[in-house]
Each structure stands twice: as structure tokens, then as C-alpha cells.
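Computation of the quantities below employed the complete heavy-atom set of this structure, encompassing side-chain atoms and omitting hydrogens, waters and symmetry-equivalent molecules.
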Amino acid sequence: MKPPPFRYEKPTSVEGLLATLAEQGDGAKILAGGQSLVPMMNLRLVYPEVLLDINGLSELDYLRLEDGMLRIGALTRHNTLRDSDLLAERCPLAAAAYRHVAHATIRNRGTLGGNLSHADPASEMPAVMLCLEASLVLRSNAGERSVAASDFFQGALTTALQSHELLTEIRIPLAAAGTGWSFQEVSPRKGDFALAAVAATLQVSNGLCQRVRIAHAGVEDRAARAGSAEAGIEGHAPGEELFAAAADEAARAVDPTESYHADGDHKRDLLRALIKRALSEAHGRCGA
């Protein structure tokens, strides 16, 4: 199926792009990798009047360590990040999650900024950003604002990004030394969207769990933190019984979506198993 008619433009600067977004409003869509946008157009789920191709804006393609955080340009390709030694060293959770993200041809073109802006509920990176307490930088003609990942994802394919704004950068604070981490996923086949995925980090200080972060994807209508499970772990001595109880709490707290791949009960069971597994692995990595 072919997409509906649209006008194609290729801005030569971020400023020019933002000016066009301000004029076009909801009628414009950003084209980066196009791995989600083009199929949606072909299926007549979106009808943009104009596509703004940002692939020439090389200033949005970078990964660097600066001011105690990883700063990632929104146009950075998935495979660039997947293969990055810097990401593997300073953000091993994200590097581990990238082993599950899509297939090679999709990763060649797909971008982190496009993935987060699309906000598919079963995508891995939104859960990773929630777990890492990342912030997302949004720019418009009116200026720039930083939105916490916890406020960015608002529902299925719905974010805090407004029609006149562009996601330009993702900022990930560096984890404290000794933080354990784990990413776990079940999908119909490797590279497919997750039926359930879990990202977890934790620290152990004086024999007690501290700064526990658990996020999941694929279970509800958006990636989300398992806040009640986190609270049940912090301040307690780590152990399999504690982790199992937290996993049970997280499974009770969710309101799962359903599909022909998995009903609600199955997703709860997957979430319970993956959280327990992720917490155990993260604990084993504490202090490494």
C-alpha cells in the first residue's frame, strides 16, 4: 500500500525546521529513520501534509560524555549505539537492551529520538530511559525545555512532545559506582517487540537495597515504572524472597493490555518472572 499524498521538505538547519513546525502545526511529521512513520502512513493511520526530512541535520547525530551524563543526539542510529564502546562502558543497561531491539536493517535506519517520540508500548528504549531516569530535551521556536522520561510517556503512541517541538537530545545521568543492572525480555522472536520486558537497577549499601529502579514495557499501554515494587525493596536486605515478593506486587499493580500473542494473565506471569530474574541479576552485579 502506498502512503497518502504529502509534500516533502528537507530542512538544512534545526532553526529552519523549527520555523516550519511552528507554521505547519499538526500537519507536519518528522522523518528520521521512518521505520515506524512510513508503515503508519501506508496503513492510513496518519495523514501528514508535509514530511520534514531531518537526515541532513548532522548536528543531531552524536554520543558524548559531558557534565556527568551521556548526551545522545536524537538522530543517532540504533546500530551506532548498539556498537558503541562508550555506551557499553558507561551505560551497560542500555547496551544490554540493544541486544533485543529490532532487526539489523531496521536498526541501520531507526533512531533513538524517533523511537522515543513514537512511544510504542512494547518498545524497549522507553523502559530503559525510565529506569535510568533520563531526561529528553525538546526544542521549539519558543525555546528549549527538558522533560523527565517519567513525564514524557503518556500513553500508547502518546508523549509530551507537542506538534511544534522537536526532540533534540537524550540525557542519561551516569550511575553511581557499584550499581547493579539487568535487562530481561520475552518476545515472539528475537528482535520483535516485547510481550514483556524489564529494566532494573539497584545499589546495596550497608547490606540494604538502595535506589531501586524497575521499569517495564510491553505489558500496559505505555512503558512504566513499578513504583510499589521499588518501594517494597528499598531499605531491606537483598534476597530471593524479597525479590519474589516485589515481583508479585508489580504483577498485581499492572493493568495489562491483551493481544493474540498474550492475554492479561500471561503478561502478569511474564512480568513476575522477569522482574524476579532482573533483580537477582542486578544484585549479583552490585559492586562490580
Side-chain angles (χ1 to χ4, degrees), residues 63 65-72 81-101 124-135 148-150 170-187 194 196-219 223-254 269-288:
L63 167 63
L65 183 61
E66 187 176 309
D67 299 328
M69 66 182 69
L70 284 175
R71 302 177 71 151
I72 305 173
L81 295 168
R82 187 175 186 267
D83 298 337
S84 168
D85 291 337
L86 177 61
L87 191 74
E89 178 185 356
R90 305 312 296 264
C91 191
L93 173 62
Y98 260 119
R99 299 177 194 143
H100 300 269
V101 172
E124 295 85 358
M125 284 300 132
V128 171
M129 297 303 144
L130 286 168
C131 185
L132 295 173
E133 299 183 303
S135 58
S150 57
I170 299 93
R171 297 174 180 171
I172 303 174
L174 297 182
T179 298
W181 56 271
S182 178
F183 186 86
Q184 304 290 331
E185 178 175 318
V186 171
S187 59
V198 170
T201 62
L202 65 87
Q203 300 170 21
V204 176
S205 178
N206 297 320
L208 302 178
C209 295
Q210 306 291 338
R211 292 194 58 79
V212 181
R213 300 292 182 264
I214 306 167
H216 55 76
V219 179
R225 288 264 297 272
S228 57
E230 294 172 352
I233 298 173
E234 291 192 346
H236 295 275
E240 293 304 309
E241 290 187 5
L242 178 69
F243 297 155
D248 288 341
E249 170 58 29
R252 284 192 297 268
V254 296
D269 286 343
L270 289 175
L271 183 65
R272 183 182 294 111
L274 293 181
I275 287 180
K276 182 180 178 181
R277 189 182 305 168
L279 290 170
S280 295
E281 185 172 69
H283 175 227
R285 287 174 168 149
C286 285

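- Atom CZ of residue Arg225 and atom OG of residue Ser150 lie 7.0 Å apart, to the nearest 0.5 angstrom.
- With rounding to the nearest 0.5 Å, the separation of CD in Glu185 from CG in Leu270 is 10.5 Å.
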Next item on the list: Tell me, with the steps shown, if Cys209 and His236 meet side chain to side chain contact (heavy atoms under 4.5 Å, CB included).
Entry: CA-CA 6 Å; Cys209 295; His236 295 275; 5.8 Å; no

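- With values rounded to the nearest 0.5 angstrom, Leu87 atom CG is found 7.5 Å from Tyr98 atom OH.
- The two residues Ala237 and Leu208 make their nearest non-hydrogen contact at N-CD2, 3.6 Å.
- Two residues are said to be in side-chain contact when any heavy atoms from C-beta on lie closer than 4.5 Å; Ile172 and Val128 fail this criterion.
- Side-chain atoms of Gln203 and Ser205 form no donor-acceptor pair, as typed in the model, at a separation below 3.5 Å.
- Across Ala200 and Ala278, no two heavy atoms sit closer than the pair CB-CB, 4.0 Å.
- Looking only at side-chain heavy atoms (C-beta outward), Val204 and His283 come within less than 4.5 Å of each other.
- Across every non-hydrogen atom of Leu274 and Ala196, the tightest pair is CD1-O, 3.3 Å.
- Put simply, the side chain of Asn206 does not reach to within 4.5 Å of the side chain of Gln210, judged on heavy atoms.
- To the nearest 0.5 Å, atom CG of residue Leu130 and atom NE2 of residue His216 are 9.5 Å apart.
- The side-chain heavy atoms of Ile275 and Ile214, taken from C-beta on, include a pair separated by under 4.5 Å.
- Contact of the Leu132 side chain with the Cys91 side chain is registered, since non-hydrogen atoms from C-beta on lie closer than 4.5 Å.
- Counting heavy atoms from C-beta outward, Arg90 and Leu65 have side chains that approach closer than 4.5 Å.
- A salt bridge is defined here as a Lys NZ or Arg NE, NH1 or NH2 lying under 4.0 Å from an Asp or Glu carboxylate O, and Arg285 with Glu281 meets this definition.
- Ala217 and Ala127 make their closest contact through CB-CB, 3.9 Å (heavy atoms, listed as atom of the first residue, atom of the second, distance).
- From Arg277, atom CZ reaches atom CD of Gln184 across 5.5 Å, with rounding to the nearest 0.5 Å.
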Do any side-chain atoms of residues 240-252 form donor-acceptor pairs under 3.5 angstrom with protein atoms, and if so which ones, sequence neighbours left out?
from	atom 1	to	atom 2	distance (Å)
Glu240	OE1	Ser280	OG	2.9
Glu240	OE2	Ser280	OG	2.9
Asp248	OD1	Arg272	NE	3.0
Glu249	OE1	Arg252	NH2	3.0
Glu249	OE2	Ser228	OG	3.0

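- No side-chain heavy atom of Ile233 sits less than 4.5 Å from a side-chain heavy atom of Leu202.
- Residue Val101 comes nearest to Glu124 through the heavy atom pair CG2-OE1, 3.6 Å, listed as atom of the first residue, atom of the second, then distance.
- Atoms CD and CZ, from Glu230 and Arg213 in turn, are 6.0 Å apart once rounded to the nearest 0.5 Å.
- Val198 is not listed as a side-chain neighbour of Phe183, based on a closest heavy-atom distance of 4.5 Å or more.
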Next item on the list: Could you give me the CA-CA distance, side-chain angles and deciding distance for Arg211 and Glu133, then say whether salt bridge (Lys or Arg N to Asp or Glu O under 4.0 Å) is met?
Entry: CA-CA 11 Å; Arg211 292 194 58 79; Glu133 299 183 303; 2.9 Å; yes

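- Among all heavy-atom pairs drawn from His100 and Ala96, the shortest one is CD2-O, 3.6 Å.
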Notebook entry, point to check: Step by step, would you call Leu93 with Cys131 a side chain to side chain contact (heavy atoms under 4.5 Å, CB included)?
Noted result: CA-CA 9 Å; Leu93 173 62; Cys131 185; 3.8 Å; yes

